[in-house]
Amino acid sequence: MANIVLFGAPGAGKGTLAGKITKFSPVVHISTGDLFRANIKNGTPIGNEAKSFIDAGKLVPDSVVIGMVKNRIDQDDVKEKGFMLDGFPRTLEQAKSLDEVASLDVVVVLDIAKEDLKNRILGRRTCPKCKKIYNIYNDELKPKKEGYCDTCKDTLLTQRSDDNEETFEKRWNTYLSQSESVINYYSAREGLVANVDGRRTMSYTEEELRSLLKM
Ligand code: AMP
């Protein structure tokens with residue numbers, strides 16, 4: 001059992017890395033972005049509150065996110081198998097609140113330049129069924145048949161409504177303004193932070209990831 005945090009800019013490859021890690025580790029993948037999108041789809045109060053912030057490329061208020069995450073990590077599967085948080089914490093306040101309820105084994109920080117992120121965000125497509133992430137601007141990551149999932153065959157890929165140029169700029173600026181305090185907070189603890197080259201999240205091997213996560 002391990003408690004992992006994946007930290008990095010929008011498009012840095014947190015979801016890709018999470019997909020690789022869940023193939024060999026039972027940790028429960030918790031993506032706050034995915035939780036919000038599911039809440040929006042189901043029209044829940046959390047979804048209704050979060051939608052306007054997400055569409056505007058802003059962070060959802062700490063009070064909403066923190067409650068949602070605490071709720072999720074209090075569930076039995078997480079207690080048994082540990083968690084891999086993807087997209088949380090994003091602010092110092094969130095990081096401090098996480099410390100109140102869990103102890104962390106590793107914080108993976110994905111490092112990548114802004115220029116490398118834009119195409120990732122604008123080209124990102126997701127299969128709504130199996131959640132596989134594609135990129136139409138990358139020959140290795142584009143679907144074999146344009147617009148459709150390789151695995152779920154006749155399932156049309158979707159694009160996130162916040163993956164557009166204008167919202168990307170805002171999300172990037174928010175990341176810049178919040179990330180330093182979170183990284184400094186975790187870097188003060190010896191041996192907690194593991195750095196990953198965000199340009200090559202696709203090519204990390206299981207062996208490399210195991211050693212990074214001390215698994
Ligand atoms: P993501 O899928 O991680 O890129 O998240 C999509 C959007 O959900 C973000 O741009 C935020 O609006 C919101 N969101 C996700 N996680 C958080 C968080 N930890 N704190 C605040 N807002 C969040």
Side-chain angles (χ1 to χ4, degrees), residues 3-19 21-22 28-42 44-73 83-102 104 107-110 112 114 116-128 131-135 157-183 185-186 198 201:
N3 289 334
I4 303 166
V5 164
L6 300 179
F7 187 84
K14 301 185 289 294
T16 301
L17 218 52
I21 293 168
T22 47
V28 181
H29 176 203
I30 304 172
S31 152
T32 40
D34 284 349
L35 287 178
F36 281 131
R37 284 183 285 278
N39 274 284
I40 291 171
K41 202 171 157 199
N42 296 327
T44 69
I46 287 183
N48 294 340
E49 196 161 355
K51 191 174 184 325
S52 59
F53 292 98
I54 293 176
D55 287 345
K58 292 183 184 162
L59 290 184
V60 177
D62 283 342
S63 55
V64 180
V65 196
I66 290 171
M68 182 177 77
V69 170
K70 282 189 171 172
N71 225 340
R72 182 64 189 90
I73 62 180
F83 59 71
M84 175 165 50
L85 281 167
D86 158 1
F88 184 97
R90 267 171 153 102
T91 65
L92 185 59
E93 194 58 38
Q94 293 177 15
K96 287 181 176 168
S97 77
L98 182 60
D99 279 338
E100 290 165 12
V101 290
L104 300 178
V107 174
V108 178
V109 176
L110 289 89
I112 188 164
K114 184 184 176 192
D116 295 318
L117 290 174
K118 210 159 174 181
N119 270 358
R120 286 198 178 184
I121 290 281
L122 300 181
R124 172 158 62 185
R125 302 288 184 276
T126 313
C127 172
K131 307 288 176 210
K132 185 167 176 200
I133 304 166
Y134 294 85
N135 194 299
L157 300 178
T158 54
Q159 183 176 23
R160 283 170 43 171
S161 60
D162 59 343
D163 277 350
N164 58 64
E165 195 146 355
E166 192 194 340
T167 310
F168 167 68
E169 287 294 332
K170 292 191 185 139
R171 288 157 70 199
W172 169 256
N173 288 331
T174 306
Y175 175 74
L176 273 192
S177 69
Q178 302 291 340
S179 58
E180 201 181 330
S181 60
V182 178
I183 293 174
Y185 181 69
Y186 286 134
T201 43

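In listed order, ligands and their atoms are each counted from 1. Just so you know, these numbers use all the heavy atoms, side chains as well, and skip hydrogens, waters and symmetry mates.
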Which atoms of ligand 1 have any heavy atom of [X] under 4.0 Å away?
{"X": "Gln94", "result": "18 (C), 19 (N), 20 (N), 21 (C)"}
{"X": "Arg37", "result": "2 (O), 6 (C)"}
{"X": "Val65", "result": "18 (C), 19 (N), 20 (N), 21 (C)"}
{"X": "Gly87", "result": "16 (N), 17 (C), 18 (C), 19 (N)"}

### Query
Are any side-chain N or O atoms of Asp116 and backbone N or O atoms of Ile112, one a donor and one an acceptor, separated by less than 3.5 Å?
no

### Query
Between Thr158 and Thr126, is there a donor-acceptor pair closer than 3.5 Å when you use the side chain of the first and the backbone of the second?
yes

### Message
Among Leu98, Val101, Val65, exactly one meets side-chain contact (heavy atoms from CB on, under 4.5 Å) together with Lys70. Which residue is that?
### Response
Val101

### Message
So for ligand 1, is Arg124 a polar contact partner (N or O within less than 3.5 Å, distance only)?
### Response
no

### Message
Under 3.5 Å between any N/O of Thr32 and any N/O of ligand 1: does that happen in this structure?
### Response
yes

### Task
Show your reasoning for whether salt bridge (Lys or Arg N to Asp or Glu O under 4.0 Å) applies to Glu169 and Lys114.
CA-CA 10 Å; Glu169 287 294 332; Lys114 184 184 176 192; 2.9 Å; yes

### Summary
Among Thr167, Leu35, Ile54, the residue with a heavy atom nearest to atom 13 (C) of ligand 1 is Ile54

### Task
Measure from atom 12 (O) of ligand 1 to every heavy atom in Arg171, Lys58, Met68 and give the option owning the shortest one.
Lys58

Ligand 1-proximal atoms of [X], by part, heavy-atom distance under 4.0 Å:
{"X": "Leu59", "value": "both"}
{"X": "Asp86", "value": "neither"}
{"X": "Lys14", "value": "neither"}

Give me the residue, atom name and distance of the protein heavy atom closest to [atom].
{"atom": "atom 23 (C) of ligand 1", "result": "Phe36 CE1, 3.9 Å"}
{"atom": "atom 22 (N) of ligand 1", "result": "Val60 N, 3.0 Å"}
{"atom": "atom 4 (O) of ligand 1", "result": "Arg160 NH2, 3.0 Å"}
{"atom": "atom 15 (C) of ligand 1", "result": "Arg90 NH1, 3.2 Å"}

### Summary
The reported gap from CZ in Phe83 to CG in Asn3 (rounded to nearest 0.5 angstrom) is 3.5 Å

### Message
Walk me through whether Glu100 and Lys96 qualify under salt bridge (Lys or Arg N to Asp or Glu O under 4.0 Å).
### Response
CA-CA 7 Å; Glu100 290 165 12; Lys96 287 181 176 168; over 6 Å; no

### Message
Ignoring hydrogens and geometry beyond distance, is a side-chain donor-acceptor pair present between Asn39 and Thr44 at under 3.5 Å?
### Response
yes

### Task
Check Arg171, Lys118, Arg120, Arg125 against Asp163 for a salt bridge (charged side-chain N to carboxylate O under 4.0 Å, His left out) and give me the one that passes.
Arg171

#### Entry: Within 6.0 angstrom of Gln178 CD, more than 12 heavy atoms from elsewhere
yes

### Message
Does Ser52 form a side chain to side chain donor-acceptor pair (under 3.5 Å) with Asp55? I'd like the steps, not just the answer.
### Response
CA-CA 5 Å; Ser52 59; Asp55 287 345; over 6 Å; no

